[in-house]
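First the structure, in the form of structure tokens, and then the observations on it.
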There are 2 protein chains.
Amino acid sequence: MQTRLVEYFLALEREGHFARAAAQCNVSQPTLSAGIATLESQLGKRLIRRDRKYAGLTPEGEAVLPWARQLVAAAEALGQAAETARGPLKGELRLGAIPAAMPAIGCLATAMLERHPGLNISVRALTSRQIERELAAFELDAGLTYLDFEPPAHALSVPLYAERAMLVSAVDGVSIPAVIDWADVAGLPLCLLHQGMQNRRILDARLADRGLALRPLVTADSYVALLGLVQQGRLCSIIPDSHAALLDGLRWARTAPLPDMGEGSRVGVIVSDSAPMGPLAQAVLAVARGLRLPPGFAPV
Amino acid sequence: MQTRLVEYFLALEREGHFARAAAQCNVSQPTLSAGIATLESQLGKRLIRRDRKYAGLTPEGEAVLPWARQLVAAAEALGQAAETARGPLKGELRLGAIPAAMPAIGCLATAMLERHPGLNISVRALTSRQIERELAAFELDAGLTYLDFEPPAHALSVPLYAERAMLVSAVDGVSIPAVIDWADVAGLPLCLLHQGMQNRRILDARLADRGLALRPLVTADSYVALLGLVQQGRLCSIIPDSHAALLDGLRWARTAPLPDMGEGSRVGVIVSDSAPMGPLAQAVLAVARGLRLPPGFAPV
DNA sequence: AGGCCTGATAGAAGGGCGCTATCAAGGAAG
DNA sequence: CTTCCTTGATAGCGCCCTTCTATCAGGCCT
């Protein structure tokens, strides 16, 4: 059983297309085609449903999929472990972070780089669910996400800070009363993240506890989009306090505290615990444990 | 990265000897030698320390070892999953059980066979620590062991029964008072398991709670050996009640209850949870959950 | 010194995997 | 209906990698 062939299989499953999968593997289309055929003959079962084009996996293919991922992840980790048994870490560290945690990723990434100069870091903004799925599929080495509201499964975590929500508006826009309660907030013209994102679900859940619901006029999937909307003056928004530092220099923006909602939401680093821990994951956890975040990030 | 080469590496680590490892892999010695060399050159690091003979692993080799196990386990599970995606389970189910649980393994194994006729089962008597280690090294599919006293790490468990200790003696041997307390027991001429076995450690711990210590005249690593000693008449012993059923027909043996020690020790099935669960492990857990043990095994 | 056990090396045979070029089957558009 | 494009399979060939048998070199023991 060659790891190479299993990689073909995984690429094909990702892409749903022979030629594109071949390109992703840096081989020709017939090579990948033959590779899949070899794999299937070695296993004695068809893994791919075809009717003149790719048509999904057979039941056997589905059954095999998690093990295929496990296999290539083990192969990659084996190489990593050999390279970094002694001496510095090398290679690419794949980090996923929810948008709300993006301001903190800078601290984590620079601390990692400082500690392990040989490292390359790739950061992607993902939803908490994507992070969980990609960690399980070994497409990420570590994630930065909420720890408590919908706790990620099969993960080890290191909390970094507690996030609180802030109200943000334009100085010449909607007028915000000096003291507001949650009912006032629900009455404001809001733009918020859409409900696919955990930050929004947490906010909704906390307001539902108080019998309230937010009816945003606009929803978006990025804080940049929200700030762009707020800048127009007609809307205000709710953003994590970790973003407040980034807004510090802006003339047009004004942040206001929201009524207390109790504890903030803990945000932290998670890695997969479904296998012996790889050197990258170990390093990330170690750095996260020793990390001193700048003021503006409330300690947990 | 070829799975084959990694298997060579694992065999070599197990055997500590090139030629024997080669035999175990059904290849010639030069083939294995070259395979290891290939693996090392692909990784760019030496994995094996040699000075005219095998001399252990290098640090890189040690670092790589768990991933190598993970890789071949994933490859094997992949094949298993493909074969058994639909249709009955096949192949060999490797069970490990502590000696104390051997009487129960019959129920488990026959229930597995009944449910999955295509299966072959291999049972080995191991200490609880060996079971834990071999599960982690993917050399066992499931184990039958104590769940509570020294809880196995990285394992999912299904409790089966609670074990209590019994005093066993020969009818014409040492005389046993009708009612005894623990101090009496400590004064009897005893033969027991040695301290490498968890059953003994549990017993010792419970007596230590009462300020007592057992001083067996003979220790052994099997209940058969203990019974052989008891049969001679000079010694008595302490065995799990699950063995009492096996002694039922024996003329020479007499079992007596011991003073109550509170709850029995839970015994159950464990499987590794450090990877997606294989079909064998799933099947064992499912059968264990539905298992009805005969009287003589106290329910948990 | 001789025999052995250890692991490495040499040279040949075989097979597996890679490539380019081409084909067969549908589907969409004119 | 014809034509072209897309999608995946096939053919033919070459190269490299793995494997084998046979042999060698270095220690260790007698």
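Below, chain A is the first sequence line, B the second, and so on; all start at residue 1.
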Distance from B:R201 atom CZ to B:T127 atom OG1, nearest 0.5 Å? 7.5 Å
Just so I know, are the side chains of B:L65 and B:L10 near enough to count as touching, which here means a heavy-atom distance under 4.5 Å? yes
Show the distances under 3.5 angstrom between N or O atoms of the protein and N or O atoms of nucleotides 15-19 of chain D.
{"from": "D:dT19", "atom 1": "OP1", "to": "B:Y8", "atom 2": "OH", "distance (Å)": "2.9"}

Starting from P on C:dT6, measure out to CZ on B:F18 and report it in whole angstrom. 12 Å
Does B:E139 come within less than 4.0 Å of B:R133, counting only side-chain N to carboxylate O? no
From CZ of B:R49 across to C1' of C:dA8 the rounded distance in Å is 19 Å
B:Q24, CD atom: more than 12 neighbouring heavy atoms under 6.0 Å: yes
Would you call A:R14-A:E134 a salt bridge at under 4.0 Å N-O? no
Return a single string for nucleotides 25-30 of chain D, one symbol per nucleotide in 5' to 3' order, where B is base contact, S is sugar-phosphate-only contact and - is none, cutoff 4.0 angstrom on heavy atoms. -S----
Calculate the interatomic distance between B:K53 atom NZ and C:dT6 atom C1'; express it in whole Å. 8 Å
Nucleotide D:dA22, atom P - distance to CD of B:Q29 in whole Å: 14 Å
Check whether any side-chain N or O of B:H17 sits under 4.0 Å from OP1 or OP2 of C:dG7, and answer yes or no. yes
Whole angstrom value for the distance that separates P of C:dC17 from CG of A:N26: 18 Å
Any heavy-atom pair between the side chains of B:K90 and B:Q80 that's under 4.5 Å? no
Would you call B:L43 and A:E83 a side-chain contact if the rule is heavy atoms closer than 4.5 Å? no
Write down the distance between CZ (A:R20) and P (D:dG8), rounded to a whole number of angstrom. 8 Å
Does a nitrogen or oxygen in the side chain of A:R50 sit under 4.0 Å from OP1 or OP2 of D:dT7? no
Rounded to the nearest Å, what distance is computed from the CG atom of residue B:L39 to the C1' atom of nucleotide C:dA8? 17 Å
Report the distance from atom CD1 of A:I36 to atom P of C:dC17, rounded to the nearest whole Å. 12 Å
Would you find more than 12 non-hydrogen atoms of other residues, nucleotides or ligands less than 6.0 Å from A:H154 atom NE2? no
Could you tell me, to 10°, how much the axis swings from one end of the helix from C:dA1-D:dT30 to C:dG30-D:dC1 to the other, five pairs per end? 10°
Closest heavy-atom contact between B:L193 and B:N199? CD1-CB, 3.9 Å
Locate the shortest heavy-atom distance separating B:Q70 from A:P276; write the atom from each residue and the value. OE1-CD, 3.0 Å
Taking CD in B:Q29 as the centre, count heavy atoms belonging to other residues, nucleotides or ligands within less than 6.0 Å. Is the count above 12? yes
